[in-house]
Amino acid sequence: MPELPEVETTVRGLARYLEGERLTRVVVNRPDLRRPFPADLMQAMTGAVVTGLDRRAKYGLLHTDRGRTLIFHLGMSGRWRIDPERPDRHDHLVLHTDDHIFALNDARRFGSVDLVDRAILDAWPPFAAMGPEPLGELLTPGHLHAATRGRKTAIKGVLLDQRIVAGLGNIYVCEALFRSGISPRRQAGKVSRAAFARLVPAIRDVLHQSIADGGSTLRDYARPDGQLGYFATRFDVYGREGEPCHRCEGTIRRIVQGGRSSWFCPQCQK
DNA sequence: CGTGTGCCCTGACAGC
DNA sequence: TGCTGTCAGGGCACAC
């Protein structure tokens with residue numbers, strides 16, 4: 001379930017093995033995920049040295065000494081398998097260094113791989129339109145307040161809009177709204193400044209806690225079976241329909257908004 | 001422009 | 001043991 005914390009954990013895990021290493025072999029088993037891989041992917045990456053890794057929203061960035069950056073998105077089911085014991089039919093792209101093997105595995109194939117000049121990364125169309133990072137200082141209550149004035153649509157959907165804030169997914173929007181006492185159904189334009197002042201730290205806290213958890217299981221992430229270290233603490237609302245609220249005597253409900261599930265406590269969240 | 005819908009693809013799981 | 005239906009971390013192309 002790659003949301004921002006999982007991408008962050010993945011990037012950190014890859015960095016431990018890849019930073020400063022030369023890619024000795026690049027194998028493309030299937031040349032497309034959501035869209036075709038860059039035609040020159042193999043040529044561009046074979047022999048390149050990985051100079052560093054980064055994350056932008058839910059994208060992972062793999063910088064090379066050739067001035068080009070490989071950008072991956074894990075979609076719904078993507079993950080990197082380090083030193084897999086055996087190949088898997090969904091290992092679409094495989095990178096080799098002298099000491100390790102890294103397989104980009106994505107069963108549902110909603111992910112992507114792109115190659116962009118590092119100098120113009122910010123102008124890459126998916127990045128150019130993005131709002132601030134949820135963990136960066138540009139995400140403020142004032143930003144969300146200004147961005148939502150006059151919007152009649154529900155706050156839930158606005159928070160999933162990467163142009164408003166870049167990197168939140170369904171799980172953490174649900175969890176952050178619960179923590180800040182805001183109903184996912186609330187009209188975005190009617191959410192008060194005070195409510196946003198609760199929401200911003202709630203977003204930061206839940207993401208930081210999840211990243212810390214991913215970090216604590218980094219050892220597991222690097223296991224040959226490729227298990228990722230997901231947010232292991234119990235969610236307050238996500239996936240908990242019909243179960244008791246952790247804060248009151250109420251029961252968690254599930255509704256569908258924009259074709260996706262929202263879980264919330266009708267008593268705690270107004 | 002803002003808003004809502006449907007689709008991309010495969011696998012896991014529940015229920016019969 | 002199988003079948004069938006439902007649902008899933010995301011993002012984008014469309015239609016109004």
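Below, read A as the first sequence line, B as the second, and so on, with proteins coming before strands; counting in each chain starts at 1.
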ask   = Would you say the side chains of A:Ser183 and A:Lys270 form a donor-acceptor pair under 3.5 Å?
value = no

query = A:Arg254 has a side chain; which of C:dC7, B:dG2, C:dG10 sits nearest to it?
reply = C:dC7

ask   = Could you state the CE-P distance from A:Met130 to C:dG10, rounded to the nearest angstrom?
value = 12 Å

ask   = Are the charged groups of A:Glu133 and A:Arg55 less than 4.0 angstrom apart, N to O?
value = yes

inquiry  = If I take atom CG in residue A:Asn170 and atom C1' in nucleotide C:dA8, what distance separates them, rounded to the nearest angstrom?
reply    = 10 Å

note = Separation of B:dG2 atom P from A:Asp161 atom CG, nearest Å, is 10 Å

ask   = How about A:Tyr59 and A:Phe127: are their ring centroids closer than 6.0 Å?
value = yes

query = Is the closest basic N to carboxylate O distance between A:Asp91 and A:Arg30 below 4.0 Å?
reply = no

query = Could you give the CG-to-P distance, from A:Leu33 to C:dG11, as a whole number of Å?
reply = 14 Å

query = Sequence neighbours excluded, which residues qualify as side-chain contact (heavy atoms from CB on, under 4.5 Å) partners of A:Ala154?
reply = A:Gln257

task = State whether A:Phe110 and A:Arg108 meet the cation-pi test: NZ (Lys) or CZ (Arg) under 6.0 Å from the six-membered ring centroid, and within 45° of the perpendicular axis.
result = yes

message = Without decimals, in angstroms, what is the distance between A:Leu74 CG and C:dG10 C1'?
response = 11 Å

ask   = Are A:Gln162 and C:dG11 close enough that a side-chain N or O sits under 4.0 Å from OP1 or OP2?
value = yes

query = For A:Arg260 and C:dA8, is the shortest distance between a side-chain N/O and OP1 or OP2 below 4.0 Å?
reply = no

query = Base, sugar-phosphate, or nothing for A:Gly259, non-hydrogen atoms under 4.0 angstrom?
reply = nothing

ask   = Can you give one letter per nucleotide of nucleotides 6-11 of chain B, 5' to 3': B if a protein heavy atom sits under 4.0 Å from the base, S if only from the sugar-phosphate, - if neither?
value = --BBBS

ask   = For the rings on A:Trp80 and A:Phe102, is their centre-to-centre separation under 6.0 Å?
value = no

query = How should the glycosidic conformation of C:dG9 be described, syn or anti, under the criterion that syn lies within 90° of 0?
reply = syn

Toward the 5' end of DNA chain C, by each residue's nearest nucleotide, A:Tyr59 or A:Ser261 = A:Ser261

Whole-Å gap separating C1' (B:dG2) and CD1 (A:Ile155) = 15 Å

ask   = How close or far is atom C1' of B:dC1 from atom NZ of A:Lys152, stated in whole angstroms?
value = 14 Å

task = Say whether A:Asp236 and A:His246, considering side chains only, have a donor N or O and an acceptor N or O under 3.5 Å apart.
result = yes

ask   = Quantified in whole Å, what is the C1' atom distance between nucleotide C:dG9 and nucleotide B:dT3?
value = 24 Å

task = Report the C-alpha distance between A:Arg118 and A:Thr69 in whole Å, list the side-chain angles of each, state the deciding distance to 0.1 Å, and finish with yes or no for side-chain hydrogen bond (donor to acceptor under 3.5 Å, both in side chains).
result = CA-CA 6 Å; A:Arg118 185 174 188 174; A:Thr69 296; 4.9 Å; no

task = State the dot-bracket string of DNA chain C. Criteria: Watson-Crick or G-U wobble, both atom distances under 3.5 angstrom; notation: ( ) intrastrand, [ ] crossing earlier pairs, | interstrand, . unpaired.
result = .|||||||.|||||||

ask   = A:Asp65 and A:Thr51: side-chain donor and acceptor closer than 3.5 Å?
value = no

ask   = Expressed in angstrom and rounded to an integer, what is the separation of A:Arg185 atom CZ from B:dT3 atom P?
value = 19 Å

key: N/O (side chain, A:Ser77) to phosphate O (OP1/OP2, C:dA8) under 4.0 Å   = no

